[in-house]
Amino acid sequence: MRNTLLRLPQIIGDRKRGIPPIIPVSRSTWFDGVKAGRFPKPIKLSERVTAWRSDEIFALVEKK
């Protein structure tokens with residue numbers, strides 16, 4: 001699989017936009033997990049844009 005970047009709504013889902021979650025947790029749980037090291041560290045693309053590597057997200061899903 002080609003390594004792409006995923007934004008937070010693509011990872012935890014967004015009901016309003018009809019995006020199903022890959023990892024069904026809340027936004028606050030996600031950032032708590034990032035801070036604690038349970039979830040991958042983000043890549044800061046700009047001041048207001050953060051993304052995660054898709055290979056790290058799917059590796060986390062396979063691990064669980």
Side-chain angles (χ1 to χ4, degrees):
M1 172 184 229
R2 188 174 147 215
N3 192 16
T4 59
L5 296 175
L6 299 173
R7 300 284 309 276
L8 189 58
Q10 295 171 298
I11 299 169
I12 65 171
D14 187 338
R15 289 184 195 180
K16 290 181 182 178
R17 292 191 263 171
I19 302 171
I22 297 171
I23 301 174
V25 297
S26 70
R27 182 180 188 90
S28 60
T29 299
W30 177 260
F31 283 110
D32 287 345
V34 169
K35 187 175 181 180
R38 291 189 311 270
F39 299 138
K41 292 189 182 256
I43 299 168
K44 205 68 166 147
L45 300 177
S46 71
E47 182 181 330
R48 298 186 66 189
V49 179
T50 304
W52 286 261
R53 289 185 174 92
S54 62
D55 60 341
E56 293 177 354
I57 298 301
F58 290 117
L60 178 65
V61 171
E62 289 177 12
K63 184 174 126 182
K64 299 268 178 187

Please check if Leu6 and Ile23 belong to a single hydrophobic cluster, counting links between Ile, Leu, Val, Met, Phe, Trp and Tyr side chain heavy atoms closer than 4.5 Å. yes
In chain order, what residues pass the side-chain contact (heavy atoms from CB on, under 4.5 Å) check against Arg27, with sequence neighbours excluded? Leu8, Ile12, Phe31
Between Gly18 and Pro20 the two heavy atoms that sit nearest each other are O-CD, 3.5 Å
Transitive ILVMFWY cluster of Ile19 at side-chain heavy atoms under 4.5 Å: who else is in it? none
Under 3.5 Å, which donor-acceptor pairs link side chains of residues 32-47 to any protein atom two or more places apart or in another chain?
{"residue": "Lys44", "atom": "NZ", "partner": "Glu47", "partner atom": "O", "Å": "3.0"}
{"residue": "Lys44", "atom": "NZ", "partner": "Thr50", "partner atom": "OG1", "Å": "3.4"}
{"residue": "Ser46", "atom": "OG", "partner": "Val49", "partner atom": "N", "Å": "3.4"}

Ser26 meets the side chain to side chain donor-acceptor pair (under 3.5 Å) criterion, sequence neighbours left out, with Ser28, Thr29
Out of curiosity, Leu60 CG to Asp55 CG, how far, rounded to the nearest 0.5 Å? 11.5 Å
Nearest 0.5 Å, what's the CH2-CD1 distance between Trp30 and Ile11? 4.5 Å
Test side chain to side chain donor-acceptor pair (under 3.5 Å) applied to Asp14 - qualifying residues, sequence neighbours left out: Arg17
Contact summary for Arg48 and Arg7, nearest pair of heavy atoms: O-NH2, 4.4 Å
